[in-house]
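Before any comments, here is the structure.
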2 protein chains.
Amino acid sequence: MSSLTARKAKILKSIVEDYINQAEPISSSDIKDRHLPEISSATIRNELAALEEMGYLYQPHTSSGRIPTKEAYKLYVEKLMPRKKLSKAELNLIKSHFNQQMLQLKDVLKKTAKVISEVTNYTSLAFVNDISEAVIENIKIVKLQSKTALVIVVTNLGVLKDAIVNLEEEMDDSYFDAVSKLSLQVFGGKKIAQVMKPNKIINTALKGYQKIFDAIIDIIKKYYERVGVEDFVLEGASKLLEQPEYSNVQQAKSIIAMLEAKEQLLPALKTTDNVELNIRIGKDERYQSLPECAIVTANYIVNGKNIGQAGVVGPIRMDYSKVVSVLDYIGKTINDSIQNRINIFIDEKQK
Amino acid sequence: MSSLTARKAKILKSIVEDYINQAEPISSSDIKDRHLPEISSATIRNELAALEEMGYLYQPHTSSGRIPTKEAYKLYVEKLMPRKKLSKAELNLIKSHFNQQMLQLKDVLKKTAKVISEVTNYTSLAFVNDISEAVIENIKIVKLQSKTALVIVVTNLGVLKDAIVNLEEEMDDSYFDAVSKLSLQVFGGKKIAQVMKPNKIINTALKGYQKIFDAIIDIIKKYYERVGVEDFVLEGASKLLEQPEYSNVQQAKSIIAMLEAKEQLLPALKTTDNVELNIRIGKDERYQSLPECAIVTANYIVNGKNIGQAGVVGPIRMDYSKVVSVLDYIGKTINDSIQNRINIFIDEKQK
DNA sequence: TATTAGCAATCAAAGCCAAAGAGTGCTAAG
DNA sequence: CTTAGCACTCTTTGGCTTTGATTGCTAATA
């Protein structure tokens, strides 16, 4: 078996890039015409046969051009891919979107997904990563109506504020003040993961507050279970259908169904490892029912905090170079131009 | 031109229902076999010709069976359609979903959309109606971090609590208490619409609170603009692709794109009129770029409050009878089994 | 007058076949 | 190692025929 010479690499790169654009098998003469006019198509055919032997190419049938295999895409992403410069127009589009004020983590997710989809023309997704490591910084319980209170939990990653607690009897403001103070004493500085461990906190002297404390713990648990599933944004789903790969409605359906089944999709996407870029090409081994597709996501970090992932879903024949450049630039933009605007991310120690 | 005799009506009803199931043109002998064995297909053909003349049927080509026109569907919905009984299994499925506790308006939307999609097998949507008539009942401003506060606005339709306000300098709790009290005095009892009118409230003696008041008004305005667009839930989009109507990827794409463009879609869906059921068959005249589809939504009312709409999107050949039954029953279920659980809907006068 | 059997006419869908065209692999020569 | 030449393979396309479903019309019937 031969090795990957410089010329083979160039040919392979040409095929991957041309196939990304054309979505049709690439012939030896295509390569000659567009990339290697100085050598003959016959020579290229010899190289192609070798590359096929090495597992980087295949033919749908004997008398057709070549298509890159998944291995070819992996090699392309790791070794061959250039870093594309984004155009002025693209840079400006991205910047202008993030110049607007955003106060909420979810706003950032939505905006990010929207921008990614617009610039790449792929379906995009964004979601928050695991929050069990988030540290509770503040807790307030606010009376809303006679028997209803809102529980607000501030962590170093954001504010949980989707929690309404129902009381059996009416309480006055001083009661809620007391509970707020006590909660902060009990939960302050703890990680979400710690709070969720059953029956660990009850040893404190809680007197008559047992019930509302159980409710608060319950709220945190529920929030933990839902975050991610709730805060999962999908943008431009219809763009999937522009791809010739999904011109068969069956395939289109299976991939859209996959994106809708967040509960199953998210565990496969959430990564604890701290890599910047996740490129998943082809079926995920763990979820064999997934349709053929590629998912490229970047971990977004603001002020040193990993706030989540955002990226694109598309056919395996994806413009990785462009996508990676866009994700990269958006990551920088988020960090540069937003960190001072999003107060919920700022991690000032409160004491 | 002949009139719609009982037999013509029966034939038309048969065609509509059979076509809903089969998705293929219905022939005269189909009708004879399945619905009118006592008369000949030739007679039926005569009737068909008359129904076509009347605008209720058409043929894709001369030698094919008949397909109902939009007018036929309209007539079917208004006059011919039976009220289907839901099966025990379906009733139980719906009930069991709504037995769970739901604390948030958005939870109800999501659950409703999910149930509708599951039971009808169509793509479903749910959203809240206009909130400009909501009356402000309570306002609290809660300090979260040194320069960050959360604004909570309780209305008779729910709680707005997605609003974080940034301050220029650090304030202590008493400041926020004062602002909360003052806000309640100024805004309490007012409708959202009134608050949004520019410069109407500034005549009160606000002393040093001008800035934070502007911020609060701004938050309410922003919330008003976003509500609906934010609280728009779509469920089971992939089910659209099961419909033979959308086996052509172009059509599928255009309809999914329509559902994604919430900003354009919602104004067409939101109705101020107080009808229970909205059935939109075919293109909406106002939005001619919309693809061919039918949208059926019901207004959902809890404790006498119109909280929003929910329904399905699908091909014009839609099982209206089933859909209407399901929407109807879900409406009842929401009102019956949830009103006592969702505190945010309860409209107890606070004074 | 309404119904119906009979039948020719129509048209989409399916199958078939031949021709065209794109692209390869192999061989032999440079 | 490269390349021209050429036979071979296989898809795609277009045209043609056949099949089958369904209709509309006519004339006979109740």
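In what follows, chains carry the letters A, B, and so on, assigned in the order in which the sequence lines appear, proteins first and then strands, with residues in each chain numbered from 1. Everything numeric here is computed off the predicted structure, so don't read it as measured data.
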Ring pair (Phe, Tyr, Trp, His ring centres under 6.0 Å) pairs touching residues 15-58 of chain A, sequence neighbours excluded, are none
Review point. Is B/Lys322 paired with B/Glu90 through a side-chain N to carboxylate O contact shorter than 4.0 Å?
Key: yes
Sorted by number, residues from residues 31-41 of chain A placing a heavy atom under 4.0 Å from DNA chain C are none
Are any protein N/O atoms closer than 3.5 Å to N/O atoms in nucleotides 13-19 of chain D? If there are, list each pair with its distance.
none

inquiry  = Between B/Gln59 (side chain only) and B/Thr62 (backbone N and O only), is there a donor and an acceptor less than 3.5 Å apart?
reply    = yes
- Within a reach of under 6.0 Å around NZ of B/Lys114, are more than 12 heavy atoms found that belong to other residues, nucleotides or ligands? no
Applied to residues 3-14 of chain B, the salt bridge (charged side-chain N to carboxylate O under 4.0 Å, His left out) test, sequence neighbours excluded, yields B/Arg7-B/Glu47, B/Lys8-B/Glu47, B/Lys13-B/Glu17
Across all chains, not counting sequence neighbours, the side chain to side chain contact (heavy atoms under 4.5 Å, CB included) partners of A/Ala257 are B/Ser238
Parallel, tilted or perpendicular, as decided by the 30° and 60° cut-offs, for the rings of B/Phe232 and B/Phe127
parallel
inquiry  = Using modelled atom types and a 3.5 Å cut-off, is there a donor and acceptor pairing between side-chain atoms of A/Ser29 and backbone atoms of A/Ser41?
reply    = no
Does a donor on one side chain sit under 3.5 Å from an acceptor on the other, for B/Gln309 and B/Thr297? yes
Per-nt protein contacts along nucleotides 22-30 of chain D (heavy atom under 4.0 Å; B base, S backbone sugar-phosphate only, - none) come out as BBB------
